Amino acid sequence: MKPRAAEGEQPLSLLPGVGPRRLAQLNKLGLFSVEDLLRRFPRDYEDRRTIRPISGLEEGAAVCVRAMVTDEPVRTRIPGGRTMARCRAFDSTGMLQLTFFNQPYLRLERGREYIFFGKPQPAGRGMGMVNPSVEPAEGARAAGKLLPVYPKTGDISQSQLRKWVRAALDLARGHYLEPLPAGVAEQWKLRPPEEAFEAIHFPQSPEDAAKARRRLIFEELFVFCCAGQRLRGKGRENPGPPLTYHDPEGFFSALPFAPTGAQRRAVEQAFSDLCGGSRMNRLLQGDVGSGKTLVAAACVWLAARNGRQAVVMAPTELLARQHRATMEQFLAPHGIPAELLISAMPAAEKRRVLARAASGEPLVLCGTHALIQNGVELPAAALVVVDEQHRFGVAQRAALNQKAHPGHLLAMSATPIPRTLTLILYGDLDVSVLDELPPGRRPVLTYAVTEEKRQGMYGFLQKEIDAGGQAYIVCPLVEEGEEGSEKKAAAAYIGQLQKALPRLRIGLMHGRLRPAEKEAVMASFAAGELDVLVSTTVIEVGVDVPRATVMIVENADFFGLSQLHQLRGRVGRGSRQSWCFLMHHARTEAARERLQTLCRTCDGFQIAEADLRLRGPGDFFGQRQSGLPAFAIADLATDINVLEAARQSALDTLARDPELGNHPLLAARVEEVIQKTLAASMN
């Protein structure tokens, strides 16, 4: 929906008062054009439509008051070099005490009426306002309106930003283009572009703003869905290495256990892709302990049966080693070798592995980012497996895929992602879901525990350790004093735990350790040399420690449900019963009910859906890490229905016009999103 300009986007210098200094301030906010400014959507509105009498003021939300100033502000200096000014204003119902900090240029005339907008608060026997916005009552422009409140204005005031947005709207009037295909706006009863932009910034009513938001949200999600489908379509256009189908029972029959129905289904879906002529682009999404590696091993087996190689990339060396060991276990009966390639290995061993890979011998090569470095040759590679795929962006997947000239891609994630997010995040991938636990795995028993029961929990912990178990204890902070005094700090916690349970062997893990130090601590815990690992949330996802049977999360009420579920997944990896204790100080019924969600179910997808509703998409993983789109106005936690409608319209549009040749403006917007997605994934 870009305003038409003779030479690209209109510069901000066209706006009144935007000189070099102001332009630098706007650029600092990420604003470089008039369109950027118009897409700086309000995060809220100030409701100045109703003027309240002073006698009717209550502490709370900001309101407008019309009152006469009876004495000029008295200014005083206060500590820190600051200034304070005070005065009083009256209406026919009472007196309002006004306080202004650090406003040396404020001028209020005695005997003149003003409109004050601010939050009322008790002041002596009456009510007051601190730093309210002020305008003369005669000729007031803001009173009686809904005014936009913009995010992150930096050195620019809200009032100045409003003036520039108003000027930008006037500049763009009559020059809007419609990116939505003919009929889509009518089908979903969406406002025209010009009306939507006007109403989102300066609405006449909350209903007016809501209609504008729906239009702009639909457009943004429609473009993103088109981009995701185009990415997927491009992947399908490319042929993959042709593989001949072999019945997976040949692989399953050598396993020491029977695979689950979900694993069999995922293997058949992957085999269909691998032998279908097009390149596989599949996400294998499974809760912790659901057996994703077995599905990957079956795909490696098929590649090897075709005389081809496979690659498995993990985010850490510890996970890469674990994958190598698991692949060896599953594939050794079939004579398929599993090799390891990581940075921290002897040069002679690395040369041996590289030479074996370069020979084209059928094998699986497990490693870290070292796999995509120069010098790694995989002439017979047909399959790329990426573990914990949300840690790698589209471009990293593409770089590894190029090593396979290009190969089939199986991406794996243990993070249960709601369908809403999956539609946006993985539009370029088909999805298989593992929704069953393998035989012998038991659900982790979960309890929300208050401080009064801590000693009893410690006693239970000691009994589990004595019985051969191990435990994780997760704290939100590394050291005391970082933030919130209520939050437990891992470094100090060890001393407290040692006093309570002196026989325990305790290790410490946190994000400030160097990568090699983290690897050493995790390896020591995995080897059984430590009884308890006290850690922040950096515990490696996917690390398999079957003896770990207890997870204790301190200050659990500070974490999102999905994060707690991921932490819980570190235990229950063996056949023994495991437990998770959520220590909390939840003061509200809503906070306690959140934790009870985890106590009632181990279904990660149910928990993820609940977490999305409660906290929004940012809680699942960082935007830079996951490639989560930084939407200008859409909110995936609340706009699910709009997403469904936009996605269906996008599918219909692409079915009629796959290349978007009849929709050049839409095609340009979609390409812009694709390029931004690829660029973001490189960071």
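What you see is a predicted model, and the numbers here were worked out from it, not measured in a lab.
With contacts defined as side-chain heavy-atom distances shorter than 4.5 Å, the pair Cys299/His408 does not qualify. Proximity of Arg265 to Val433: side-chain heavy atoms (C-beta onward) are nowhere separated by under 4.5 Å. A 4.5 Å side-chain heavy-atom check between Val571 and Tyr472 finds at least one atom pair inside the cut-off. Side-chain contact between Leu598 and Ile607 is present, with heavy atoms from C-beta onward closer than 4.5 Å. Leu371 is not listed as a side-chain neighbour of Leu378, based on a closest heavy-atom distance of 4.5 Å or more. You'll find the side chain of Ile342 reaches within 4.5 Å of the side chain of Arg321, heavy atoms only. Looking at Thr537 and Val474, their side chains come closer than 4.5 Å, going by heavy atoms from C-beta outward. With a 4.5 Å cut-off on side-chain heavy atoms, Trp579 and Glu464 count as touching.
Of the possible donor and acceptor atoms, one in the side chain of Gln309 sits under 3.5 Å from a partner among the backbone N and O of Ala380. The main-chain N or O of Gly468 is found under 3.5 Å from a side-chain atom of Arg547 such that the two form a donor-acceptor pair. At distances below 3.5 Å, at least one donor-acceptor pair connects side-chain atoms of Glu436 with backbone N or O atoms of Ala262. Remark: the backbone N or O of Gly572 is paired with a side-chain donor or acceptor of Ser578 at under 3.5 angstrom. Side chain of His510 to main chain of Arg512: a donor-acceptor pair is present (N/O by atom type, distance under 3.5 Å, no hydrogens or angles). A donor-acceptor pair is defined here as one N or O able to donate and one able to accept, closer than 3.5 Å; such a pair exists between the side chain of Gln470 and the backbone of Leu530. Put simply, the side chain of Glu339 never gets that close to the backbone of Leu363: no donor and acceptor are under 3.5 Å apart. Between the side chain of Glu377 and the backbone N or O of Ala357 there is no donor-acceptor pair closer than 3.5 Å. Within the 3.5 Å criterion, the main-chain N or O of Thr260 finds a donor-acceptor partner in the side chain of Gln263. Panel note: side chain Arg573, backbone Val545; no donor-acceptor pair is recorded below 3.5 Å.
Taking CG of Leu319 as the reference point, atom CD of Gln322 lies at 6.0 Å (rounded to 0.5 Å). Rounding to the nearest 0.5 Å places CG of Asp273 at 11.0 Å from CG of Leu383. Arg600 CZ to Leu595 CG: the interatomic distance, rounded to the nearest 0.5 Å, is 10.5 Å. Taking CZ from Phe558 and CD from Gln563, the interatomic distance works out to 13.0 Å, rounded to the nearest 0.5 Å. Expressed to the nearest 0.5 Å, how far CG of Leu508 lies from OG of Ser535 amounts to 7.5 Å. Atoms CZ and CG, from Arg594 and Leu564 in turn, are 7.0 Å apart once rounded to the nearest 0.5 Å.
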Would Leu409 and Arg279 satisfy side chain to side chain contact (heavy atoms under 4.5 Å, CB included), going step by step from the backbone distance to the final call?
CA-CA 8 Å; Leu409 173 69; Arg279 189 171 65 198; over 6 Å; no
Worked check of side chain to side chain contact (heavy atoms under 4.5 Å, CB included) between Arg356 and Val353:
CA-CA 5 Å; Arg356 191 173 193 184; Val353 171; 5.8 Å; no
Phe330 vs Trp301, side chain to side chain contact (heavy atoms under 4.5 Å, CB included): CA-CA, chis, key distance, verdict:
CA-CA 9 Å; Phe330 289 147; Trp301 172 84; over 6 Å; no
Could you walk me through whether Glu451 and Arg454 pass the salt bridge (Lys or Arg N to Asp or Glu O under 4.0 Å) test, one step at a time?
CA-CA 5 Å; Glu451 191 63 33; Arg454 177 176 294 279; 2.6 Å; yes
Could you walk me through whether Leu294 and Phe251 pass the side chain to side chain contact (heavy atoms under 4.5 Å, CB included) test, one step at a time?
CA-CA 10 Å; Leu294 182 142; Phe251 171 77; 4.3 Å; yes
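For the side-chain hydrogen bond (donor to acceptor under 3.5 Å, both in side chains) criterion with Ser524, the lone passing option out of Glu519, Glu529, Arg505 is Glu529. Checked options Val553, Asn555, Asp557, Ile552; the residue passing with Met583 is Ile552 (criterion: side-chain contact (heavy atoms from CB on, under 4.5 Å)).
Taking each heavy atom of Cys475 and Glu554 in turn, the nearest pair found is SG-CG, 4.3 Å. Nearest approach of Ala471 to Ile465, heavy atoms of both residues: N-CD1, 4.1 Å. Summarising the geometry of Ala358 relative to Pro379, their closest heavy-atom pair is O-CG, 3.2 Å, with the distance given to 0.1 Å. Ala338 and Glu328 get closest at one heavy-atom pair: CB-N, 4.0 Å. Here the shortest heavy-atom pairing between Met327 and Val312 reads CE-CG2, 4.0 Å. Heavy-atom minimum distance, Ala296 versus Leu410: CA-CD2, 3.9 Å.
For Arg264, the salt bridge (charged side-chain N to carboxylate O under 4.0 Å, His left out) partners two or more places apart in sequence, or in a different chain, are Glu249. Checked against ring pair (Phe, Tyr, Trp, His ring centres under 6.0 Å), Tyr458 has no partners two or more places apart in sequence or in another chain.
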Below 3.5 Å, can you tabulate the donor-acceptor pairs from side chains in residues 443-450 to any protein atom, sequence neighbours excluded?
unit_1, atom_1, unit_2, atom_2, d
Thr446, OG1, Val444, O, 3.3
Thr446, OG1, Arg568, NH1, 2.8
Thr450, OG1, Glu452, OE1, 3.0

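Side-chain polar atoms of Asp466 and Gln462 form a donor-acceptor pair below 3.5 angstrom. Donor-acceptor pairing under 3.5 Å is lacking for the side chains of Thr368 and Glu317.
A salt bridge links Glu349 with Arg352: at least one charged nitrogen is closer than 4.0 Å to a carboxylate oxygen.
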